[in-house]
There are 2 protein chains.
Amino acid sequence: MATSTTRTKRGKGRDKAAPARPTQKDIALAAGVSQAAVSLVLNKAETPSVPPATRTRILEVAEGLGYRPNHPARMLRSARTMTFACVIPDITNPFYPGLVRGLQAVAAPAGYDVLIFDTDGRPEREARAIDWLLQGRADGVVATFFHLRAPQLAVLARKGIPLVRLESQHKPDGPLAIDSVYIDNAEAAAEMTRLLIARGHRRIAMIQAEFGPSQRRAQGYGAVMREAGLTPDFITDSAYSEESGARAMKRLLERKGERPTAVFGASDVLALGAMEAARSAGLSIPGDIAIAGFDDIPVAKLLGLTTVRQPEFDLGALAAETLVRRLQPGGLEPPGKSHELKFEIMKRSSV
Amino acid sequence: MATSTTRTKRGKGRDKAAPARPTQKDIALAAGVSQAAVSLVLNKAETPSVPPATRTRILEVAEGLGYRPNHPARMLRSARTMTFACVIPDITNPFYPGLVRGLQAVAAPAGYDVLIFDTDGRPEREARAIDWLLQGRADGVVATFFHLRAPQLAVLARKGIPLVRLESQHKPDGPLAIDSVYIDNAEAAAEMTRLLIARGHRRIAMIQAEFGPSQRRAQGYGAVMREAGLTPDFITDSAYSEESGARAMKRLLERKGERPTAVFGASDVLALGAMEAARSAGLSIPGDIAIAGFDDIPVAKLLGLTTVRQPEFDLGALAAETLVRRLQPGGLEPPGKSHELKFEIMKRSSV
DNA sequence: CTGAAAGCGCTTACAG
DNA sequence: CTGAAAGCGCTTACAG
């Protein structure tokens with residue numbers, strides 16, 4: 001009966017058993033000062049307005065009570081979450097964890113946490129990410145969108161939430177432009193295609209995904225093929241996954257007529273799936289069929305996969321640096337900029 | 001000059017260019033109702049106290065202004081963050097992304113976001129994670145700690161933050177116990193060791209890491225070795241990484257005397273590093289040396305690595321379900337429970 | 001220099 | 001049934 005008669009404000013939490021976390025008010029009460037004085041002492045390295053003895057007492061009481069600042073309250077009051085969102089298609093794609101680490105490496109020292117939002121590369125999930133960002137969950141965003149375009153992303157800028165896109169090509173700088181970091185995907189794919197041709201391949205197929213960066217990569221590949229008098233041969237599956245890569249490779253192998261001598265996966269996971277399917281079909285790599293990828297995920301080296309190295313850690317770190325800069329006072333003024341990083345062709349045994 | 005004379009409360013944000021996000025107050029003003037009525041209509045499916053016409057008007061105005069609830073404010077008021085924290089050693093270890101997806105799969109439909117906190121398996125980072133959790137950043141936690149023990153984690157329970165540990169063995173249930181999900185690591189390693197012995201191996205080395213689950217795995221391996229009259233042969237490196245695995249394998253190969261015919265990596269990434277080092281040394285797998293791992297990360301299949309499968313997605317999902325249940329009213333009462341999931345030995349070509 | 005007050009945006013108990 | 005008020009924990013501008 002008496003359990004529900006608790007009149008105190010502290011009894012309202014979801015759990016009555018746990019002792020309430022001490023607040024600044026509790027410290028103030030115990031130290032005999034105002035709550036504001038507590039806030040001041042706890043947040044400023046120097047507090048000329050508070051006598052040293054009082055300052056010491058406040059700090060001791062805070063320590064004694066095990067005080068920890070209430071993050072939500074801080075967020076509300078200061079209108080800053082000290083959180084970056086990282087919106088990516090799929091954290092299980094080995095390309096992204098490295099990117100996340102790069103982000104964290106810069107974000108953490110600057111005081112920011114990193115929240116991961118997976119979109120699965122689906123338009124409705126990307127839209128949900130925007131909605132979620134508009135709730136004020138993060139101070140800034142690093143994102144890869146497969147479907148949303150600049151006009152749909154403009155709402156973030158309008159609400160003062162800086163965004164850095166992970167892009168697959170240069171975007172023009174300008175007052176309305178969105179910050180981006182990228183490697184030249186078309187040129188990288190072109191260079192890989194040139195390598196395959198130089199190795200004597202003529203029938204080169206590219207496995208691509210329906211959306212995302214494979215489009216730019218396909219352009220580079222297509223251009224070089226045509227330049228060399230060869231016919232581009234695209235085979236498209238839905239996602240950036242080993243399953244998609246294996247499925248595409250199977251379809252290639254089931255075709256009538258001459259089979260390609262080389263397959264260029266628009267991403268490493270696609271190439272990995274292709275390798276698996278090729279081996280299952282009894283083909284040797286690169287003897288019967290050469291395979292190349294794109295990304296240089298950690299296992300690529302172990303598997304001997306020839307691929308395009310994207311500096312994922314550096315991309316993440318650069319994106320985070322850009323956000324940190326934008327969030328400094330006045331940081332929103334300068335126009336959006338596109339930052340290019342260099343790719344590298346990693347020649348291994350699969351080609 | 002006039003720029004700093006903005007007297008409105010809204011001019012205080014870090015950026016003056018962006019239009020302020022509309023609040024319930026703005027909607028109330030535009031719709032001619034009280035702010036409380038707006039909150040009610042926006043949050044409840046049915047509002048008997050608000051006339052239908054008013055309800056419709058409020059919803060239209062909210063839509064028109066592009067209203068999104070302010071998440072920090074909600075968190076403060078309701079004392080719920082609707083966020084789960086996932087504290088893990090290293091997101092770039094391919095075991096964890098699958099776990100995170102399992103977590104998200106259950107968390108998202110229940111309305112929870114997932115925040116990743118990497119500890120790098122270092123004690124000071126684990127301590128920082130606890131501190132960070134005590135700031136009220138998440139309603140619940142799924143965590144792998146290499147260093148912190150139950151007494152150091154008890155503070156979370158005291159503050160009403162439910163924790164589910166990813167464990168490597170059964171923990172006794174009980175009122176003070178911590179919820180955990182696990183597979184029987186010792187038994188799994190024992191079974192793998194039996195397999196290696198059954199395949200004729202006598203000199204079997206285990207590559208282990210200094211901290212974390214490899215301890216339990218080492219126990220299972222050691223017990224079976226001794227049972228079979230063989231001498232356990234441990235080689236320890238610092239972390240769960242390919243570099244550590246490769247370094248350990250190199251040290252094994254540089255030893256004088258007979259070299260082991262099989263190497264059991266306490267995790268797949270250690271085994272992968274070992275494979276790489278063995279190949280670099282000109283050894284064939286499994287011809288010259290057999291290699292086994294633990295985890296069954298996605299690439300294990302492709303590399304033909306014989307390993308112990310841990311159902312990482314299911315572990316994450318089960319952990320999230322446990323948290324969701326704990327966070328329901330009264331969910332904190334029942335004693336902590338240990339949930340076991342089954343492992344599976346994946347026999348492939350590396351052994 | 002010092003301390004009390006306002007207010008961030010929201011939810012919900014409570015008075016009319 | 002209806003609406004205004006209190007208050008979550010904090011930061012910071014402002015009055016004495």
Side-chain angles (χ1 to χ4, degrees), chain A residues 4-14 20-29 31-44 46-55 58 62 65 67-82 134-137 159-160, chain B residues 4-14 20-29 31-44 46-55 58 62 65 67-82 134-137 159-160:
Chain A
S4 61
T5 60
T6 44
R7 209 183 44 92
T8 76
K9 57 188 167 154
R10 309 303 281 288
K12 288 177 190 165
R14 84 184 103 77
R21 302 179 206 168
T23 67
Q24 292 183 352
K25 203 170 157 190
D26 298 323
I27 299 172
L29 211 69
V33 298
S34 75
Q35 176 262 320
V38 174
S39 173
L40 226 63
V41 167
L42 255 31
N43 287 305
K44 309 287 177 191
E46 294 189 9
T47 42
S49 58
V50 181
T54 310
R55 186 183 166 84
I58 290 174
L65 292 176
Y67 174 77
R68 294 290 177 287
N70 180 299
H71 188 242
R74 255 189 179 168
M75 281 164 65
L76 176 58
R77 179 58 232 225
S78 60
R80 309 185 80 203
T81 63
M82 298 313 285
L134 291 177
Q135 295 181 4
R137 303 226 177 195
K159 301 297 177 185
Chain B
S4 63
T5 61
T6 44
R7 208 184 44 93
T8 76
K9 57 190 165 152
R10 309 301 282 291
K12 288 176 189 167
R14 88 184 97 79
R21 303 179 205 168
T23 68
Q24 291 183 353
K25 204 167 154 192
D26 298 323
I27 299 173
L29 211 68
V33 297
S34 74
Q35 176 262 321
V38 174
S39 174
L40 227 63
V41 166
L42 255 30
N43 288 306
K44 309 286 177 191
E46 294 189 6
T47 42
S49 59
V50 181
T54 308
R55 186 182 166 85
I58 290 174
L65 290 176
Y67 174 78
R68 295 290 178 287
N70 179 300
H71 188 242
R74 259 192 176 165
M75 282 165 63
L76 176 59
R77 178 60 233 228
S78 60
R80 308 185 79 201
T81 64
M82 297 313 286
L134 291 177
Q135 296 181 4
R137 303 226 176 196
K159 302 296 179 186

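Convention: sequence-line order gives letters A, B, ...; per-chain numbering from 1. What you see below is based on every heavy atom in this structure, not just the backbone, and it leaves out hydrogens, waters and symmetry mates.
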query = Nearest nucleotide by nearest heavy atom, which residue falls closer to the 5' end of DNA chain D, A/Ser78 or B/Val50?
reply = B/Val50
ask   = Given that B/Leu40 and B/Ala73 both sit by DNA chain D, which one's nearest nucleotide is further toward the 5' end?
value = B/Leu40
Could you tell me how far apart [X] ([atom1]) and [N] ([atom2]) are, to the nearest whole angstrom?
{"X": "B/Leu42", "N": "C/dT12", "atom1": "CG", "atom2": "C1'", "value": "15 Å"}
{"X": "A/Gln135", "N": "C/dC10", "atom1": "CD", "atom2": "P", "value": "10 Å"}
{"X": "A/Arg68", "N": "D/dG9", "atom1": "CZ", "atom2": "C1'", "value": "16 Å"}
{"X": "A/Lys25", "N": "C/dG3", "atom1": "NZ", "atom2": "P", "value": "19 Å"}
{"X": "A/Gln24", "N": "D/dT11", "atom1": "CD", "atom2": "P", "value": "5 Å"}
{"X": "A/Met75", "N": "C/dC8", "atom1": "CE", "atom2": "P", "value": "17 Å"}
{"X": "B/Lys44", "N": "C/dC10", "atom1": "NZ", "atom2": "C1'", "value": "13 Å"}
{"X": "B/Asn43", "N": "C/dG9", "atom1": "CG", "atom2": "P", "value": "16 Å"}

task = Look at all strands and tell whether A/Pro69 reaches a base, only sugar-phosphate, or nothing, counting heavy atoms closer than 4.0 Å.
result =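 Sugar-phosphate, backbone atoms only, no base.
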task = Report which part of the nucleic acid B/Pro48 touches: base, sugar-phosphate, or nothing (heavy-atom distance under 4.0 Å, all strands).
result = sugar-phosphate
key: Phosphate-side-chain proximity, B/Arg77 and C/dT12, N/O vs OP1/OP2 below 4.0 Å   =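 No.
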ask   = Counting only side-chain N and O atoms of A/Ser39, is one of them less than 4.0 Å from OP1 or OP2 of D/dT11?
value =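 The answer is yes; a side-chain N or O of A/Ser39 sits under 4.0 Å from OP1 or OP2.
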task = Identify the nucleotide, in any strand shown, that forms a Watson-Crick or G-U wobble pair with C/dG16, with both distances under 3.5 Å; if there is none, say none.
result = D/dC1
Looking at the side chain of [X], which of [options] is the nearest nucleotide?
{"X": "A/Arg74", "options": "D/dT11, C/dG9, C/dA4", "value": "D/dT11"}
{"X": "A/Ala36", "options": "C/dT2, D/dA4, C/dA5", "value": "C/dA5"}
{"X": "A/Ser34", "options": "D/dT2, D/dA4, C/dA4", "value": "C/dA4"}

Side-chain contact, heavy-atom cut-off 4.5 Å: [X] with [Y]?
{"X": "A/Asn70", "Y": "A/Arg21", "answer": "no"}
{"X": "A/Thr81", "Y": "B/Met75", "answer": "no"}
{"X": "A/Leu42", "Y": "A/Tyr67", "answer": "yes"}
{"X": "B/Asn43", "Y": "B/Arg74", "answer": "yes"}

task = Mind checking the CD1-CG spacing from A/Ile27 to A/Leu65? Nearest 0.5 Å is all I need.
result = 6.0 Å
